[in-house]
A.B. asks: 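Quick one: this structure, given as structure tokens, is what I'll be asking you about.
No experiment lies behind these values; they were computed from the predicted model shown. Computed over heavy atoms, backbone and side chain alike; hydrogens, waters and symmetry mates excluded. Every chain is numbered from 1, with letters handed out A, B, ... down the list of sequences.
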There are 2 protein chains.
Amino acid sequence: MNAMDSNIRILVADDHPLLREGLSGMIAGQPDMKLVAEAENGEQALQAYRTHQPDITLMDVQMPKMNGIDAITAIRSEFPAARIVVLTTYKGDAQAVRAIKAGASGYLLKSMLRKDLVETIRSVHAGRRRISADIASEMAEHMADDELTTRERDVLSRVAAGNANKEVAAQMGISEETVKTHMKNVLTKLSARDRTHAVVVAVRRGIIDL
Amino acid sequence: MNAMDSNIRILVADDHPLLREGLSGMIAGQPDMKLVAEAENGEQALQAYRTHQPDITLMDVQMPKMNGIDAITAIRSEFPAARIVVLTTYKGDAQAVRAIKAGASGYLLKSMLRKDLVETIRSVHAGRRRISADIASEMAEHMADDELTTRERDVLSRVAAGNANKEVAAQMGISEETVKTHMKNVLTKLSARDRTHAVVVAVRRGIIDL
DNA sequence: GATGTCCTCCCCATTTCGGGGGATGGCGGG
DNA sequence: CCCGCCATCCCCCGAAATGGGGAGGACATC
């Protein structure tokens, strides 16, 4: 095995050109790593993965066309062995959980240092998992919590849009009483004091989007 | 005037090392620009500005210790001629307005292309102002709107934290009736359907933080 | 087939909100 | 000095939300 073969081949998927530039520079500075492709959205990432089948994929979550989570799911359904590291600004523990469940091997903050990032890449390439300490502890805090059900998230999203229970009921084709029940459960699960607080907590934790 | 003197001397202030790396690389690629210092928070930015007095400062809004807006205010109070370009992920028109009012000469999104960014730097260096088209149009949409008063923002923040009007009143040492009055005004000004919607709108527009 | 979770619906009572009106004093700009 | 904006407080009232209870059916898991 020569030096060429031992390179860790990397795909970068992020919609910020400047950040890609930064990553590219960082990778260029590592003798054992090589950037093989870039993508600026989830669809391109999937395409690029098919073409290059990189050893490691660095993926942002928030991207146009197809978000990072869906891209991970898509890639992993075709290539179950794909090693993907999510690189994101903080968006709550729930998003991290979704990424991990989708098959990510790492979850890092963009604010992390170069050194830690290259370490993580080598680590994940060697088959380990890596989650930023702050995110890990945040995830741990909510481990015991019941997650919101699909229906509860749906109701909460509509409430966040400014709909009254009655309106939500009409939109979802269910009774207002059912909406109330869902909201009661949401308030309990999120330890929120009222619906407004519930929306804030859910957004902070990445459970719903604004 | 030799080539050295004609360089645009740049200070970069952003808490993401990777983005600084990207900017640094971009600047290095321009023959007429030179990166003279980096900062990873507002305090460092102020310090670095005093030391280097750069021609252009690229500043993120969201930074630890001292945020970008406060840093701009601080720098401009000492150096009224400072030309500062805000570089940020989108956080609503209100934040942009605050930055401009604080004295920023430009407001750009991090998702913008290298080419546009270097153009903007030259443009601002030449004394012009530059605001991203999307942000400008967003700002225009709300030009006619009444802004929230200090008190109204204060009330709304507390409501976002899950406090009932009565609790907000107690915290602020005013009557519940007054809180209601403020909330009525907030709902009207933000065209919100209820308090929950008001919080969502205010967060989206960068009027309050989560 | 028993258990559990989810979704659905219903009852009760109390509290909180939202929308309408009006009123006062302060403070700064014109 | 007057006007406008801000902040404060008050009234009334109907609508909405909250908090407690219970309960049935679907569906998957074990």
A.B. asks: If the cut-off is 4.0 Å, is Asn165(A) near the phosphate of dA16(D), judged by side-chain N/O to OP1 or OP2?
C.D. replies: no

A.B. asks: Nearest-nucleotide wise, let me know which of Glu152(B) and Glu177(B) is further upstream toward the 5' end of DNA chain D.
C.D. replies: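 The answer here is Glu152(B).
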
A.B. asks: Rounded to the Å, how far apart are Leu148(A) CG and dT5(C) P?
C.D. replies: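 Interatomic distance, CG of Leu148(A) to P of dT5(C): 16 Å.
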
A.B. asks: Examine dG20(D): is either OP1 or OP2 under 4.0 Å from a nitrogen or oxygen in the side chain of Lys184(A)? Give yes or no.
C.D. replies: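 For Lys184(A), the contact criterion (side-chain N or O under 4.0 Å from OP1 or OP2 of dG20(D)) is not met.
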
A.B. asks: Would you say the base of dC9(D) and the side-chain of Thr181(B) have a donor-acceptor pair closer than 3.5 Å?
C.D. replies: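 Per atom types, the contact qualifies.
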
A.B. asks: Using atom CG of Asn163(B) as one end and atom P of dT16(C) as the other, report the distance to the nearest whole Å.
C.D. replies: 12 Å

A.B. asks: Can you figure out which of dA16(D), dG18(C), dT8(D) approaches the side chain of Leu187(B) most closely?
C.D. replies: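 The listed nucleotide nearest to Leu187(B)'s side chain is dG18(C).
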
A.B. asks: So what does Lys180(B) hit on the nucleic acid, given a heavy-atom distance under 4.0 Å: a base, only sugar-phosphate, or nothing?
C.D. replies: base

A.B. asks: Hey, does the side-chain of Thr149(B) have a donor or acceptor N/O within less than 3.5 Å of a partner on the base of dC5(D)?
C.D. replies: no

A.B. asks: Among side-chain atoms of Asn163(A) and Gln171(A), is any donor-acceptor pair under 3.5 angstrom?
C.D. replies: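 Yes.
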
A.B. asks: Give the rounded distance in Å between these two atoms: CG of Asp194(B) and P of dA16(D).
C.D. replies: 11 Å

A.B. asks: Could you say whether Lys189(A) or Val179(A) is positioned toward the 5' end of DNA chain C, judged by the nucleotide with the nearest heavy atom to each?
C.D. replies: Lys189(A)

A.B. asks: Any side-chain heavy atom of Val12(B) within less than 4.5 Å of one from Ile27(B)?
C.D. replies: yes

A.B. asks: Going by the side chain to side chain donor-acceptor pair (under 3.5 Å) test, name the single residue among His182(A), Arg195(A), Arg158(A) that passes it with Asn165(A).
C.D. replies: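 With Asn165(A) as partner, side chain to side chain donor-acceptor pair (under 3.5 Å) holds for just one option, Arg195(A).
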
A.B. asks: Out of dG18(C), dA16(D), dC17(C), which nucleotide sits closest to the side chain of Ala164(B)?
C.D. replies: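 My answer, after comparing the listed nucleotides, is dC17(C).
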
A.B. asks: Any ion pair linking Arg98(A) and Asp70(A) (charged N to carboxylate O, less than 4.0 Å)?
C.D. replies: no

A.B. asks: Could you state the CZ-C1' distance from Arg151(B) to dC6(D), rounded to the nearest angstrom?
C.D. replies: 11 Å

A.B. asks: For residues Ile8(A) and Arg122(A), determine if any side-chain heavy atom of one lies less than 4.5 Å from a side-chain heavy atom of the other.
C.D. replies: yes

A.B. asks: Between dA17(D) and Arg195(A), is there an OP1 or OP2 to side-chain N/O distance shorter than 4.0 Å?
C.D. replies: yes

A.B. asks: Specify the separation, in whole Å, of atom NE2 of His182(B) and atom C1' of dC6(D).
C.D. replies: 8 Å

A.B. asks: Between dA7(D) and Thr178(B), is there an OP1 or OP2 to side-chain N/O distance shorter than 4.0 Å?
C.D. replies: no

A.B. asks: When the distance from CG of Asn185(A) to P of dT18(D) is rounded to whole Å, what number comes out?
C.D. replies: 13 Å

A.B. asks: Please tell me if Ser175(A) has a side-chain N or O lying less than 4.0 Å from either OP1 or OP2 of dC10(C).
C.D. replies: yes

